[in-house]
Amino acid sequence: MPTNSNPPAPLDDPVLAPLNAGQRSAVCHGDGPALVVAGAGSGKTRVLSHRIAFLLEHRHISPFDVLAITFTNKAAGEMRERIGSLVGPVAQQMWISTFHSACARILRRHAEALGYPASFSIYDQADSRRLTRYVVRDLDLDPKRYSDRAVHAAISALKNQLTTPAGAAELAEPPDNGSPFSKTVARIYSEYQKRLRRAGAMDFDDLLMLGVELLRTNPDVAEHYRQRFAHILVDEYQDTNLAQVRLIGLLSGLARNVFVVGDSDQSIYAFRGADITNILEFGATFPDGSTYVLDQNYRSSQSILDAANSVIRNNRGRPPKNLWTDRRGGAKPIRFRAESAQDEARYVCSELRRMQRDGAIGWSDAAVFYRSNAQSRAIEEELVAHDVPYQVIGGTRFYDRKEIKDALAFLRVAVNPADEVSLKRIVNEPARGIGDRSLAKLDEAAARGGTSLTEVIERVETLLLRGTARGGLLKFRELMSRARACVPEGPAAVLTEALETSGYLADLRDTSGIEAEGRLENLHDLIGAAEAFESCDEFLEQVSLVSDVDEMTDAQQVSLMTLHAAKGLEFDVVFITGLEDGVFPHYRSMTEPDEMEEERRLAYVGITRARKQLYLTHVWGRMLHGQTNYHPTSRFIEEISPELIDDRSDHAPRFAGAWRPATSEWGANRGAGRPSEYSQLDDAEPAARRSQRSDAARHEGSAAKRREARREKARSRVAARSEPQPSPSVEFAYGIGDDVLHDRFGAGVVLDLRPDGDDWEVTVHFSGVGPKKLVASYAKLRPARS
DNA sequence: GAGCACTGGAGCAAA
DNA sequence: TCCAGTGCTC
């Protein structure tokens, strides 16, 4: 096989014809390591899929000898489809998956070699934290000081670095580190890992770490996969961690046919162990490797790219590159400053409705991004109030809901009786008289005998337990043995058996209300999904490894998601909201230069998702922890020079929060509580689509009622907004939203006015000083109108 | 042991 | 604002 085959004339060839020169040379790369530095929108996925098609069609590599790694299952599916269109249905059989799925699949086959059952459980973050909590408790440590959250994060970080418990203990000793916390974490880690092993369970990090261990300690297994995977391709290489890079190394062996694609400017997962130097130092790691650069963007208008380049330019030590496009011009990014999160949501919603009404977009062409999931709330309320269809990506997922986790716990225990976390979850669900004390006795018996809880329950007759607890355990044992008997029939049978026999479904049926109804429907949906699987293991694995974006649909809905979730997606219209220093960039990253750079890359990722129109919004005051906080405009907005931006911020007062002193000549004619121009779109649009979303509400489980109440509130608020605001009779020359001058603090903007006895309390945001609360009669504020 | 009301503490991104 | 943990009552 020549290392650089002569491709046919590209024009005749479906694999090569659609590519530009840069893409083509990458796709036609010969053997050995290759890095494709692919800027946002430069056709990364296209290069990967065509590379695979090229290997199959031109290099006659067997489709079964290729391993392709993507970042999400959704991306894997899309790639499979694209390859399918080039090479045919064989693409369905290929190994195209995420790191975690590929590892789970390999580990499933060789689990015994590591001392795990083939039907090992996969613990998600919640399960892992729960186990951490058990360990902290059992080691008699202070659960406040050693919160499951912090401890598990520390353990996860160690695992991502492939550090074993022994290694962690060593690291915690002087001269390395020696902090008491890390010493204790090492102890917890050691016990935690023992408990995982005893439970026959792996956490997310284990999938990678034990994958590496398997290949390292079992040369024959490693050799098998090396023979098999003649070519390995990796997407989003900038977000790989040490364990993943090791895996690639172990799987590729001497041939090192590793073809990786990524963009260091889009590295945004350091917090889960991703190491940007993997891509930056690719050349040093593989001195004989080839590098291809793709910098032509096919996605966004020049105006959007200008904004993106202006922001990312501020990161130091990045390889110089400038994304370009031949689509000149395009609409400038629109900036909007709102008063509050609600106001911001109102603006986003009204813009969405305007564009949709004008036929400029369909709902699915638009997306709203935010830094953290909690920010979706205000947007959702507004969209609900106006019957704009939307989907929230991430946040509380279907598989995180209590009833779903309970049901899956039954299934897990049925296939893996040792699974401690799942068993404890359901042993008393629904209640059958087994409380903390009984559970503690079981725990103790298990620890004494060095066995699992299930084995202890097997001989429950020999234990000293109260009648109710004993009876409950006998029932539970009977229930689980019946469920276990259904395992050969598949996951749907097990779920049905367990949920019926346990009385779980009966309990829900007996409970009235929207909440119980929702849960029943969710369980129904789960069993429906399970019916597509013959093997319980496969079903559980698939369910454990779905990512947030995997659940995204392409229905006619506006998509709401975090900036992290947005990676790899694109939309005609993108709103990036909450652009305030402290929100985005997140305050926790503001003191660490490296973390700030990662925030900036996150901004870059967000901006480059937009094809035609980008909106950048921020607010003056945002409710956080139950009180209003004032943040300066995000530096990421400031980094874009003003002439590149279309500033639509309305500096006139728009609506008064609660009170607005009307009078004074211009205060009066501006009107109290004048609805903003954009809120005039409000009011009556037929509330037809409500039912469409009620299914979103029923998924909420326990939050459903509160949620529905909030929605009701949102609807009525919209109705109320046109009503006049009360106007106390106090003379004022300024109102909310006005620019004012103060003798000491200088120029500022009035954020709020509240009656304070006979006087008024004025909240003013002064530039360079921040927010101040002043007493009106002493503050001597003057309107600053030019 | 179960279910409820209350309180205090925490608050980022996710396979 | 929200959630989990705690203490109280039946």
Side-chain angles (χ1 to χ4, degrees), chain A residues 69-76 97-104 122-130 133 137 143-144 147-150 152-153 156 159-160 202-208 236 239-241 243-244 268-274 341 369-375 377-378 393-397 399-400 428-439 466-469 471-472 541-550 561-567 578 582-590 595 598-599 601-602 605-606 622-629 702-703 706-707 710:
Chain A
I69 301 287
T70 56
F71 203 68
T72 62
N73 297 303
K74 181 171 187 279
S97 71
T98 65
F99 271 110
H100 288 86
S101 298
C103 284
I122 298 174
Y123 281 179
D124 66 13
Q125 178 163 288
D127 302 323
S128 308
R129 283 189 183 165
R130 207 176 263 241
R133 200 154 57 224
R137 190 196 57 200
K144 294 224 168 70
S147 72
D148 50 36
R149 192 189 171 82
H152 182 254
S156 176
K159 288 189 174 184
N160 284 322
M202 301 187 189
D203 64 18
F204 282 145
D205 305 308
D206 279 342
L207 292 178
L208 304 176
E236 308 282 9
D239 279 320
T240 51
N241 63 28
Q244 292 165 334
I268 55 172
Y269 278 102
F271 71 89
R272 68 178 210 211
F369 301 159
Y370 34 79
R371 178 62 173 77
S372 61
N373 283 305
Q375 289 167 253
R377 162 80 73 81
I393 318 299
T396 31
R397 303 154 58 225
Y399 293 105
D400 288 339
N428 197 33
E429 189 71 51
R432 49 179 82 84
I434 303 154
D436 290 344
R437 292 184 63 86
S438 313
L439 208 48
R466 287 174 32 155
T468 39
E541 184 172 312
Q542 200 258 346
V543 157
S544 305
L545 299 178
V546 283
S547 70
D548 288 342
V549 287
D550 295 341
M561 67 189 85
T562 64
L563 286 135
H564 282 90
K567 190 172 80 159
V583 175
F584 183 33
H586 194 272
Y587 76 99
R588 293 280 284 270
S589 55
M590 292 185 52
E595 290 182 31
E598 177 142 320
E599 295 283 304
R601 291 192 290 270
L602 191 55
V605 166
R622 184 178 291 278
M623 222 25 162
L624 225 78
H625 322 265
Q627 55 176 353
T628 308
N629 291 43
S702 70
R706 256 173 297 152
R707 196 113 175 157
R710 275 205 302 272

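Below, each value reflects all heavy atoms present in this structure, side chains not excepted, and no hydrogens, waters or symmetry copies. Lettering of chains follows the sequences in order, A, B, ..., and the numbering in each one begins at 1.
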So what does [X] touch, heavy atoms closer than 4.0 Å: a base, only the sugar-phosphate, or nothing?
X	value
A:Tyr269	sugar-phosphate
A:Asp124	nothing
A:Ser438	sugar-phosphate

query: Does any non-hydrogen side-chain atom of A:Phe271 lie less than 4.5 Å from one of A:His564?
result: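 Result yes, sub-4.5 Å side-chain heavy-atom pair found.
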- prompt: Does the side chain of A:Leu602 come within less than 4.5 Å of A:Lys567's, by heavy atoms?
  reply: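 No - every pair of side-chain heavy atoms lies 4.5 Å or more apart.
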- request: Report the relative orientation of the aromatic rings in A:His100 and A:Phe204; use parallel for angles under 30°, tilted for 30 to 60°, perpendicular for over 60°.
  value: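 The arrangement is perpendicular - the two ring planes meet at more than 60°.
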- prompt: Can A:Phe271 be said to stack with the base of B:dA14, given centres closer than 5.5 angstrom and planes under 30 degrees apart?
  reply: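 Here A:Phe271 fails the 5.5 Å or the 30° condition.
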Within this structure, what is the [atom1]-to-[atom2] distance between [X] and [N], rounded to whole angstrom?
X	N	atom1	atom2	result
A:Ile434	B:dG3	CD1	P	14 Å
A:Arg272	B:dA14	CZ	C1'	5 Å
A:Leu563	B:dA13	CG	P	11 Å
A:Asp400	B:dA13	CG	P	13 Å
A:Asp148	C:dC3	CG	P	16 Å

field: Same-atom distance (C1') from C:dA4 to B:dA13, integer angstrom
entry: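 Between the two C1' atoms, the distance is 22 Å.
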- request: Look through every strand shown and name the nucleotide pairing with B:dG3 as Watson-Crick or G-U wobble, where both distances are under 3.5 Å.
  value: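 B:dG3 is paired, partner C:dC8.
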message: Checking base pairs now: Watson-Crick or wobble, both atom distances under 3.5 Å. What partners C:dC3?
response: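 Looking at the geometry, C:dC3 pairs with B:dG8.
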message: Assess whether a salt bridge exists between A:Asp148 and A:Arg130, defined as any Lys/Arg side-chain N lying under 4.0 Å from an Asp/Glu carboxylate O.
response: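 Between A:Arg130 and A:Asp148 there is no salt bridge, as every charged N stays at least 4.0 Å from the carboxylate O atoms.
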